[in-house]
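Just below is one structure, and these are the notes that go with it.
A, B, ... follow the sequence lines: proteins, then strands. Residue 1 opens every chain.
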Protein chains: 2
Amino acid sequence: MDELTERQKLILTLVVRDYIETAQPVGSRRILERFNLDISSATVRNEMMALSEAGLLRQPHSSAGRIPTEDGYRYFVTHFVYQTDLPEPTRHTITHQFYQARQDVEQWMHLAVSILANHSHAASLITAPHAERASYKHLELISTQGRQVLMVLVLVGGEVLQQILTLAEPASQEQLSSAADRLNQICIGRTAEEILKSPTQMNNLEQDILTLLLGDMTSGDQRASGQMYLDGLTNVLSEPEFVESTDARRTLRRFEERSLLQDLLARTTGSGAVGIVQVLIGGEGEFEELKQCSVVLARYGIPGIATGALGVFGPMRMSYARNIPTVRFMADLLSGLVSETMLGDEPR
Amino acid sequence: MDELTERQKLILTLVVRDYIETAQPVGSRRILERFNLDISSATVRNEMMALSEAGLLRQPHSSAGRIPTEDGYRYFVTHFVYQTDLPEPTRHTITHQFYQARQDVEQWMHLAVSILANHSHAASLITAPHAERASYKHLELISTQGRQVLMVLVLVGGEVLQQILTLAEPASQEQLSSAADRLNQICIGRTAEEILKSPTQMNNLEQDILTLLLGDMTSGDQRASGQMYLDGLTNVLSEPEFVESTDARRTLRRFEERSLLQDLLARTTGSGAVGIVQVLIGGEGEFEELKQCSVVLARYGIPGIATGALGVFGPMRMSYARNIPTVRFMADLLSGLVSETMLGDEPR
DNA sequence: TTTAGCACTCTCGTCTTGAGAGTGCTAAAT
DNA sequence: ATTTAGCACTCTCAAGACGAGAGTGCTAAA
């Protein structure tokens with residue numbers, strides 16, 4: 001695969017870069033003009049032909065300029081842009097924006113997803129950090145006078161779970177409060193497994209609530225995503241490959257429904273590695289809906305403690321050179337945030 | 001204004017109905033065919049001319065069919081569809097969908113906004129119910145070992161506020177816990193004003209936290225919206241008036257940013273009336289961005305206790321006959337939800 | 001190995017043209 | 001006094017014609 005000459009590599013990158021910017025097929029002449037090379041257009045044409053035969057470029061029709069194939073993008077990404085870093089001014093801008101408002105995780109996520117959308121000019125998505133083995137901190141039970149009870153469970157590290165539950169038989173606020181007190185004494189500081197291992201005498205009400213509570217504490221691992229935040233759908237919408245295309249719009253719909261995201265983010269869970277940026281070009285055969293699209297994904301957080309995922313979605317013709325470092329940088333930023341709030345590290 | 005003959009009213013409704021369905025200018029002949037009236041096309045033309053002079057219809061160009069003007073839509077809405085109710089099967093479907101999963105407010109909102117989007121074929125938005133004068137229930141302070149502290153405040157009624165705060169000087173978890181205990185004793189069951197009126201002796205730490213806490217309890221009234229939920233952007237995207245139009249896309253962007261929503265929902269706060277459906281056609285002069293669009297809005301909840309807002313956004317050519325009753329019905333449904341959880345009423 | 005030259009192909013914008021839909025008006029019919 | 005038939009007129013829209021332009025592949029010379 002790596003039998004490309006230096007000049008072929010150069011021309012490949014130039015074609016990819018130009019096409020990413022203009023969305024127009026790139027001709028041999030155009031390249032000379034834009035990057036004023038001192039070779040002739042015929043030479044470029046010959047090299048282009050070689051690259052076409054290697055499957056890295058193709059022509060929309062027989063006498064048009066070249067556009068990259070999926071493999072072309074892949075080559076470009078792995079050989080040229082993957083290791084690049086974000087320029088310092090950009091890092092500074094993002095950091096500045098990011099540390100503007102810090103109130104709660106919710107708002108932080110909103111901010112992060114919006115920053116990511118703006119810098120990538122694509123649709124961005126983030127899942128809230130999810131504690132992997134969280135331990136119990138405090139329980140609050142709030143009666144609503146019927147059999148409906150609001151349960152608020154606070155975990156160490158600050159995650160808050162809420163659930164409305166219906167009791168088998170009505171209970172007064174006093175009963176609920178004493179049950180909560182009891183459970184708070186028994187469970188405090190323990191993980192779900194630890195609580196399970198040390199059986200304790202308790203009444204029906206307490207037992208019922210404990211069951212639900214433990215369910216909540218562990219079920220988070222199943223869905224593998226706290227909350228899903230989504231922004232910048234309209235960015236990708238203004239890309240030429242998305243106007244006027246019906247199936248592109250269907251893809252967008254699947255995105256908005258979050259069902260595609262689930263599958264996508266599941267991929268990042270598998271590898272488990274935090275801070276590694278994955279690039280999915282054209283769905284890679286796995287995702288029919290993403291044929292024309294690309295996704296840049298990463299996991300953030302502290303493995304084994306609390307992690308989340310983030311990513312960027314756009315046309316295959318997205319700016320990898322900008323988006324890969326951006327995703328990486330945001331992942332680092334969010335990892336820092338997690339370690340501050342979970343471990344109490346000082347901000348840098 | 002009401003000097004329209006019965007036949008003119010009929011023809012107006014038929015034009016509006018047909019245009020809403022087809023997005024094509026409606027000709028005199030087309031109306032005869034579709035609704036087989038037993039009058040001639042010339043008669044229809046005469047009536048159409050009268051309606052054009054009354055400012056209810058207009059022609060895109062001199063020899064085309066008619067389309068409704070903003071006033072035309074307004075007449076149609078106020079005279080014909082405003083009082084209609086949702087057909088029973090639809091109500092049943094929605095109710096069924098709505099009561100499928102009930103876990104916490106968060107999920108309920110997600111479900112509601114998605115149902116609304118699907119039934120309206122438009123973009124839908126809902127704000128979480130916000131307690132208007134909430135009283136204190138429980139405070140939890142979680143140290144992260146630095147000067148950063150996570151504050152979790154639970155209000156009566158079940159609203160949960162989270163905030164990360166930075167202390168002037170470091171405090172241990174023990175200090176934080178005792179501060180929280182103290183504040184819990186002092187504040188429990190009281191509203192922000194009541195707490196303010198009864199000054200109590202307390203140390204610096206407690207005083208600082210109390211200030212922040214009271215700020216949180218009252219600031220909710222300012223922004224007038226708990227959380228904002230948005231869905232169905234892609235619905236309005238597939239409408240013909242939105243493909244290929246740049247300023248339509250800009251409007252959509254403003255929508256995604258939630259800034260337009262703020263202004264829009266502020267309108268519903270003013271009137272305060274719960275369950276009244278408001279229809280905003282073409283921005284009504286107030287909203288430049290909504291020139292081609294319409295919005296159907298309502299407030300839900302229990303006035304003086306807890307309320308939220310919901311609405312639907314789409315092209316001016318949206319199906320009012322479906323969306324107005326749908327918004328009304330969803331408002332009722334959500335009001336019921338609020339009264340269940342806040343007042344403890346049994347579900348219907 | 002590179003480059004100049006050339007014939008060839010394909011797209012795209014512009015222009016023309018004709019069909020079709022719809023109107024407004026006038027005069028006849030009810 | 002309405003309603004309707006008839007008609008001339010206007011405007012859009014789809015289809016075809018056509019030339020400019022961009023880009024290619026190939027061959028032969030440098």
Side-chain angles (χ1 to χ4, degrees), chain A residues 3-12 14-19 21-69 72 240-241 243-244, chain B residues 3-12 14-19 21-69 72 240-241 243-244:
Chain A
E3 64 240 348
L4 296 190
T5 66
E6 281 307 309
R7 192 167 61 193
Q8 284 170 342
K9 291 184 188 173
L10 174 67
I11 287 178
L12 176 60
L14 297 184
V15 170
V16 173
R17 279 174 51 187
D18 193 73
Y19 183 66
E21 278 182 39
T22 65
Q24 300 292 330
V26 185
S28 54
R29 200 166 172 178
R30 158 127 192 119
I31 281 202
L32 293 183
E33 286 174 11
R34 240 202 95 172
F35 304 95
N36 33 351
L37 307 185
D38 49 355
I39 49 178
S40 78
S41 67
T43 310
V44 176
R45 276 203 291 285
N46 286 333
E47 300 291 34
M48 280 177 161
M49 224 179 319
L51 289 167
S52 288
E53 272 167 28
L56 300 176
L57 294 181
R58 66 186 181 87
Q59 297 171 278
H61 56 88
S62 67
S63 82
R66 302 302 210 285
I67 64 179
T69 62
E241 35 267 89
V243 310
E244 192 88 16
Chain B
E3 65 241 347
L4 296 190
T5 66
E6 281 307 309
R7 192 167 60 192
Q8 284 169 342
K9 291 185 188 175
L10 173 67
I11 288 177
L12 176 60
L14 296 184
V15 170
V16 174
R17 280 174 50 187
D18 193 71
Y19 183 67
E21 279 183 39
T22 65
Q24 298 293 330
V26 185
S28 54
R29 199 167 171 177
R30 155 124 193 123
I31 281 203
L32 293 183
E33 286 174 9
R34 241 203 94 172
F35 303 97
N36 33 352
L37 307 185
D38 47 357
I39 49 179
S40 80
S41 70
T43 310
V44 176
R45 275 203 291 285
N46 287 333
E47 300 290 34
M48 278 178 163
M49 225 180 317
L51 289 167
S52 287
E53 274 166 27
L56 300 176
L57 293 182
R58 67 185 180 87
Q59 298 171 278
H61 56 87
S62 67
S63 82
R66 301 303 209 285
I67 65 179
T69 63
E241 36 268 89
V243 309
E244 193 87 18

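- Atom pair B:Ile11:CD1 and C:dT23:C1' shows a separation of 15 Å (rounding to whole Å applied).
- Rounded to a whole Å, the CZ atom of A:Arg30 is 18 Å from the P atom of D:dG21.
- At the heavy-atom level, A:Ser28 lies under 4.0 Å from the strands shown only through sugar-phosphate atoms.
- Using a 4.5 Å heavy-atom threshold, the side chains of A:Arg66 and A:Arg45 count as separate.
- Set against D:dT10, C:dA4, D:dT24, the side chain of A:Arg45 has D:dT24 as its closest nucleotide.
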Provide a list of protein-nucleic acid N or O atom pairs under 3.5 angstrom, restricted to nucleotides 11-17 of chain C.
none

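- Contact check, A:Thr43 against C:dT2: no side-chain N or O comes under 4.0 Å of OP1 or OP2.
- Between B:Gln8 and B:Ile11 the shortest side-chain heavy-atom distance does not fall below 4.5 Å.
- Across the protein-nucleic acid pair, B:Met49 atom CE and C:dT23 atom P stand 9 Å apart, rounded to whole Å.
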List the atom pairs, with distances to 0.1 Å, where a side-chain N or O of residues 53-61 of chain B and a protein N or O form a donor-acceptor pair under 3.5 Å, not counting sequence neighbours.
{"unit_1": "B:Gln59", "atom_1": "NE2", "unit_2": "B:Ser62", "atom_2": "O", "d": "3.3"}
{"unit_1": "B:Gln59", "atom_1": "NE2", "unit_2": "B:Ala64", "atom_2": "O", "d": "3.2"}

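- Here the side chains of A:Asp18 and A:Ile31 are not in contact, with every heavy-atom distance at 4.5 Å or above.
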### Query
How would DNA chain D look in dot-bracket form, 5' to 3', counting Watson-Crick and G-U wobble pairs with both distances under 3.5 Å and writing | for bases paired to another strand?
||||||||||||||||||||||||||||||
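- A:Ile31 has its CD1 atom 14 Å from the C1' atom of D:dT24, to the nearest Å.
- Here B:Gln59 reaches the OP1 or OP2 of C:dG24: one of its side-chain N or O atoms lies under 4.0 Å away.
- For the pair B:Ile39 CD1 and C:dT30 P, the computed distance is 18 Å after rounding to whole Å.
- Atom OG of A:Ser28 is separated from atom CG of A:Leu37 by 11.0 Å, given to the nearest 0.5 angstrom.
- The side chain to side chain contact (heavy atoms under 4.5 Å, CB included) test with B:Pro68 singles out one residue from B:Val26, B:Leu51, B:Val16, and that residue is B:Val16.
- Across the protein-nucleic acid pair, A:Met48 atom CE and D:dG25 atom P stand 9 Å apart, rounded to whole Å.
- Side-chain contact check for B:Ile39 versus B:Glu47: every heavy-atom pair is 4.5 Å or farther apart.
- Rounded to an integer number of Å, the gap from A:Asn46 CG to D:dC26 P is 10 Å.
- Considering only side-chain N and O atoms, A:Arg58 lies nowhere under 4.0 angstrom from the phosphate OP1 or OP2 of D:dT24.
- Between A:Leu32 and the options A:Val44, A:Leu14, A:Thr43, a side chain to side chain contact (heavy atoms under 4.5 Å, CB included) holds for only A:Val44.
- Both B:Ser62 and B:Asp38 lie near DNA chain D, and the one whose nearest nucleotide falls closer to the 5' end is B:Asp38.
- DNA chain D is contacted by both B:Arg7 and A:Pro25; B:Arg7 maps to the nucleotide lying nearer its 5′ end (nearest heavy atom per residue).
- Nearest nucleotide to the B:Ser40 side chain, out of C:dT3, D:dA5, C:dT23: D:dA5.
- Closest contact between the side chain of A:Arg66 and the listed nucleotides D:dT24, C:dG24, C:dA4 involves D:dT24.
- Rounded to whole angstrom, the span from the CD1 atom of B:Ile67 across to the C1' atom of C:dG22 amounts to 14 Å.
- Between A:Lys9 and A:Glu6 the shortest side-chain heavy-atom distance falls below 4.5 Å.
- Scanning both residues, B:Phe35 and B:Arg17, for their nearest heavy atoms gives CE2-NH2, 3.9 Å.
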